[in-house]
Visitor: 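Have a look at this one before I ask anything.
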Amino acid sequence: MQITIGLKTLLAVFSYFHVQNKIMAGTPPNEFTFATILTCCSGACGFDRGRQVHSLIIKSNFESHIFVGSSLLDMYAKADRIHEARSVFERLPERDVVSCTAIIAGYAQLGLDEEALELFCHLQREGMKSNYVTYASVLTALSGLAALDQGRQVHNRVLRSDLSSYVVLQNSLIDMYSKCGSLSYARKVFDGMPERTVISWNAMLVGYGKHGIGREVIELYELMRKDKQVKPDSVTFMAVLSGCSHGGLVTEGLNIFNEMITDQDGIEPEIEHYGCVVDLLGRAGEVEKALTFIEQMPFKPTAAIWGSLLGACRVHANVLVGEYVAHRLFEIEPHNAGNYVILSNLYASAGRWADVTYIRQLMTEKSVAKEPGRSWINLGQTIHTFHASDRSHPRREEIFEKVRELSAKIKEAGYVPDLSCVLHDVDEEQKEKILLGHSEKLALAFGLIGIPHGLPIRVVKNLRICVDCHNFAKFLSKAYRREVSLRDSNRFHHILGGICSCGDYW
DNA sequence: TTAGGGTTAG
């Protein structure tokens, strides 16, 4: 990988000077030269060079050439300059499937999913033809949004096109369905595939893992071992180990890790696999064992690994190890608010309020800000997004009324607001008000209003779900006899009858 | 000559 980037950069520099020399020698570069050179300027490191090439392109009057323009906008998109990319796209006198796909993919790859979807729909209305790259790109955006209805529509379009047998597209569909919360559709696509690549298997395994269905992970993995067409790779093991961890299959996970250690498949465990084992041990409450494991592994622990163990310490209320781990984590990630929040929750669970206050002060001192939490819910074709205490929704009065009604009803059933989830230094009444305004609760209340009984309420959150909101959703599912599916930044929580598929560990 | 393919531990 390192070599590839090195070569690419080298090639970019070479091509650049080659072009410059040609110009100086009186041989002007043409559309072929520019389109090629730009593909070597991708990413942040090639951006300066790319911009220089752009000015040459303008001087040579090639900016509106379709191939040159497509590479140019792709170069900007890959350097995280989506506005520049869009403006190149808008200036193109004619568009084709490649230029349209490049800009849609640009938005999707930067996580600007709504913009990607909007543009896809707009260009389709204008008569854009899609090919498999276009569909794969829009499916990525739909996965990010968890927009199941639109995902199914795109699937239907794919089925009506002559692209439906593309393995790549089917892999995208598996991923889209699983990220949109529908494992059964994902499995349908998987089962219907005449041939599968290792990616197809991995996508399905990751799906089961994220949904916490450990048994299916193991069953599918065993099925994969019997399939002579395909061999597991490093990602397969990651998917299986993580699936075991999320699904609570500790022994199975450890066995599979040992199989890797004994090198049965020629795939050496990487730091990520060690990370999965830390998670596996931590989840099982073996926090000290996990710490020893970290100290003995042949890699320097990353923030992800310490983060996993800190999460385990929070769940199992191990303040001693938690404090140690948090400080290792603060050394690596001093500005990640999530870590401070978990340590604060850990202190709160142990009733160490002075330490909770200290963490809050520390966050202020270091000006660590929490990334704003955001939840959304799809109703038909529309995505409704909520921020904390969001009053921008046209049906806000109804929504806030529903949250209050909900809260009162589940309190009767035993729900107690977990005030330790509020880091602001305010009185208890205020804390409860802040908690009730959490974006997940607004989205859940809106789902309860808008989604007919009998259908699951599917909510997506951009961060890890908060402890109080998780508890709230559990009580809601029982009191209103509703199935709740919550996707957070980590995994799915399927909540039914007051019980969550994550086993309260996340 | 242009987009480019899907899966990755907290």
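So you know, we letter chains A, B, ... as the sequences are listed, proteins then strands, and number each from 1. Only heavy atoms go into these numbers, but all of them, side chains included; no hydrogens, no water, no symmetry mates.
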Visitor: Which of these nucleotides, B:dA9, B:dG4, B:dG6, is closest to any side-chain atom of A:M238?
Guide: B:dA9
Visitor: Taking the minimum atom-to-atom distance to the side chain of A:S172, which one of B:dG10, B:dG6, B:dA3 wins?
Guide: B:dG6
Visitor: Does B:dT7 have its OP1 or OP2 closer than 4.0 Å to a side-chain nitrogen or oxygen of A:K210?
Guide: no
Visitor: One pair to check against side chain to side chain donor-acceptor pair (under 3.5 Å): A:H155 and A:Y185. What are the steps and the verdict?
Guide: CA-CA 11 Å; A:H155 189 181; A:Y185 279 115; over 6 Å; no
Visitor: Identify whether any heavy atom of A:Y166 sits under 4.0 Å from a base atom; if not, whether one sits that close to sugar-phosphate; answer base, sugar-phosphate or nothing.
Guide: nothing
Visitor: Does OP1 or OP2 of B:dG6 have a side-chain N or O of A:K179 closer than 4.0 Å?
Guide: no
Visitor: Looking at the side chain of A:S70, which of B:dT2, B:dG4, B:dA9 is the nearest nucleotide?
Guide: B:dT2
Visitor: What nucleotide, of B:dT8, B:dG10, B:dT1, holds the atom closest to the side chain of A:F67?
Guide: B:dT1
Visitor: Classify the nucleic acid contact of A:D233 as base, sugar-phosphate or nothing, counting any heavy atom under 4.0 Å across all strands shown.
Guide: nothing
Visitor: Under 4.0 angstrom, heavy atoms only, what part of the nucleic acid is A:E333 near: base, sugar-phosphate, or nothing?
Guide: base
Visitor: For A:M128 and A:F120, run side-chain contact (heavy atoms from CB on, under 4.5 Å): C-alpha distance rounded to whole Å, both residues' side-chain angles, the deciding distance at 0.1 Å, then the answer.
Guide: CA-CA 9 Å; A:M128 169 189 68; A:F120 171 77; 3.9 Å; yes
Visitor: Contact class for A:A312 vs. all strands (heavy atom < 4.0 Å): base, sugar-phosphate, or nothing?
Guide: nothing
Visitor: For A:H65 and A:F34, I'd like to know if the aromatic rings sit close, meaning centre-to-centre distance below 6.0 Å.
Guide: no
Visitor: Touch check for A:V235, heavy atoms < 4.0 angstrom, all strands: base, sugar-phosphate only, or nothing?
Guide: base
Visitor: Of the nucleotides B:dA9, B:dT7, B:dA3, which one has an atom closest to the side chain of A:C276?
Guide: B:dA9
Visitor: Could you go through A:D233 and A:T236, starting from their C-alpha distance and side-chain angles, then the distance that decides it, and tell me whether this counts as side chain to side chain donor-acceptor pair (under 3.5 Å)?
Guide: CA-CA 5 Å; A:D233 65 5; A:T236 311; 2.9 Å; yes
Visitor: When the aromatic ring centroids of A:F330 and A:Y340 are compared, is their separation below 6.0 Å?
Guide: yes
Visitor: Under 4.0 angstrom, heavy atoms only, what part of the nucleic acid is A:A102 near: base, sugar-phosphate, or nothing?
Guide: sugar-phosphate
Visitor: What's the closest nucleotide to the side chain of A:E31 if the choices are B:dG10, B:dT1, B:dT2?
Guide: B:dT1
Visitor: Indicate, with a heavy-atom threshold strictly under 4.0 Å, whether A:S71 touches base, sugar-phosphate, or nothing.
Guide: sugar-phosphate
Visitor: Check every atom of B:dT7, B:dA9, B:dT1 against the side chain of A:T36 and return the nucleotide holding the closest atom.
Guide: B:dT1
Visitor: Kindly say if A:H273 contacts the phosphate of B:dT8, meaning a side-chain N or O under 4.0 Å from OP1 or OP2.
Guide: no
Visitor: Which nucleotide wins on minimum distance to the side chain of A:F32, given the candidates B:dG5, B:dT1, B:dT2?
Guide: B:dT1
Visitor: Looking at every strand, decide which applies to A:T197 at a 4.0 Å heavy-atom threshold: base, sugar-phosphate, or nothing.
Guide: base
Visitor: If you look at every strand shown and take non-hydrogen atoms under 4.0 Å, does A:N339 touch a base, only sugar-phosphate, or nothing?
Guide: base
